[in-house]
Colleague: 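This is the structure, below, for whatever I ask next.
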Amino acid sequence: MKRFRFEAAHRIGGLPKGHPCGRVHGHSYQVEVRLAAERLTAPGFVTDFGELAPLGKYLQATFDHQLLNDVLDVEPTSENFAVHLACWFLDNLQPGLPGRLVAVRVAETATSWAEYRVEP
């Protein structure tokens, strides 16, 4: 598993009047990607953590200090964001990695997160 952090804001539409998530607010997001493999590669890795750096660069360049509503094509819930990141990972990183993506977790706070599990 590898964890990345960034800061961003969002607002969720379609909520009852007065719901706090309906207002623009920010979070210190944490994104975790979990990988697995049938066999380890030398010197004993599922995937070298350095090979996950492009995900960190994507997060920083696209989402850090942004209003997620402006940069995502879906309602910026943690659930939708986790699916978006899993799809990006599968399209952009997975083909060149020895390990396979198992799950993406997006945490808005230390106690609130959503996890999207990728089916094998």
Side-chain angles (χ1 to χ4, degrees):
M1 187 190 73
K2 176 74 174 159
R3 181 178 297 144
F4 301 90
R5 296 171 185 250
F6 64 94
E7 310 296 322
H10 71 159
R11 67 180 175 284
I12 307 298
L15 297 172
K17 185 176 179 171
H19 192 291
C21 293
R23 298 187 298 267
V24 174
H25 61 286
H27 295 290
S28 295
Y29 283 91
Q30 290 188 48
V31 171
E32 298 174 2
V33 291
R34 188 172 1 133
L35 288 86
E38 296 296 321
R39 293 182 194 88
L40 300 180
T41 61
F45 292 148
V46 168
T47 296
D48 183 335
F49 290 138
E51 293 184 78
L52 303 177
L55 175 59
K57 290 177 184 175
Y58 173 66
L59 292 170
Q60 289 298 313
T62 309
F63 304 110
D64 188 47
H65 285 84
Q66 297 293 322
L67 178 62
L68 296 181
N69 300 74
D70 293 344
V71 294
L72 285 172
D73 294 339
V74 295
E75 196 68 43
T77 63
S78 292
E79 294 83 353
N80 283 335
F81 199 15
V83 171
H84 170 85
L85 293 174
C87 291
W88 185 92
F89 190 100
L90 293 170
D91 290 343
N92 293 279
L93 287 183
Q94 185 67 73
L97 296 178
R100 66 174 175 79
L101 183 65
V102 173
V104 174
R105 180 180 286 191
V106 174
E108 295 180 356
T109 70
T111 60
S112 301
W113 66 86
E115 181 174 281
Y116 176 73
R117 294 186 186 137
V118 177
E119 296 296 323

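Note that the numbering runs from 1 along the sequence shown for the chain.
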Colleague: Is there side-chain contact between Tyr116 and Glu79, with at least one heavy-atom pair below 4.5 Å?
Modeller: no

Colleague: Among all residues two or more places apart in sequence or in another chain, which pass the ring-ring contact (aromatic ring centres under 6.0 Å, His included) test with Trp113?
Modeller: none

Colleague: Apply ring-ring contact (aromatic ring centres under 6.0 Å, His included) to Phe49 and list each qualifying residue two or more places apart in sequence or on a separate chain.
Modeller: none

Colleague: Side chain to side chain contact (heavy atoms under 4.5 Å, CB included) with Leu59: which of Tyr29, Trp88, Phe6?
Modeller: Phe6

Colleague: For the atom pair CD (Glu7) and CD (Gln66), what is the distance rounded to the nearest 0.5 Å?
Modeller: 12.5 Å

Colleague: Say you draw a straight line from CG of Asn80 to CG of Leu68; how long is it, rounded to the nearest 0.5 Å?
Modeller: 11.5 Å

Colleague: Tabulate below the donor-acceptor pairs under 3.5 Å that side-chain atoms of residues 96-110 make, not counting sequence neighbours, or state none.
Modeller:
unit_1, atom_1, unit_2, atom_2, d
Arg105, NE, Glu115, OE1, 3.3
Arg105, NH2, Glu115, OE1, 3.1
Glu108, OE1, His27, NE2, 3.2
Glu108, OE2, Ser78, OG, 2.9
Thr109, OG1, Thr111, N, 3.2
Thr109, OG1, Ser112, N, 3.0
Thr109, OG1, Ser112, OG, 3.3

Colleague: Are Val33 and Tyr58 connected in the hydrophobic side-chain network, where two residues link if heavy atoms are under 4.5 Å apart?
Modeller: yes

Colleague: Are Met1 and Val31 connected into the same hydrophobic cluster when the rule is that any two of I, L, V, M, F, W, Y join if their side-chain heavy atoms are below 4.5 Å apart?
Modeller: no

Colleague: Atom CD in Glu75, atom CZ in Arg11: separation rounded to 0.5 Å?
Modeller: 8.5 Å

Colleague: Provide the closest heavy-atom pair for Leu72 versus Phe81 in the form atom of the first, atom of the second, distance.
Modeller: CD1-CD1, 3.8 Å

Colleague: Surrounding CG of Asp73 (heavy atoms of other residues, nucleotides or ligands, distance under 6.0 Å), is the total greater than 12?
Modeller: no

Colleague: CZ of Arg23 to NE2 of His10: how many Å apart, nearest 0.5 Å?
Modeller: 11.5 Å

Colleague: Do Glu51 and Leu93 have side chains that get closer than 4.5 Å, going by heavy atoms?
Modeller: no

Colleague: Are Leu15 and Val74 grouped together when hydrophobic residues (ILVMFWY) are joined by side-chain heavy atoms under 4.5 angstrom apart?
Modeller: no

Colleague: Is there a continuous path of hydrophobic side-chain contacts, each under 4.5 Å between heavy atoms, that joins Leu90 to Leu85?
Modeller: yes

Colleague: To the nearest 0.5 Å, tell me how far Asp48 CG sits from Lys2 NZ.
Modeller: 10.0 Å

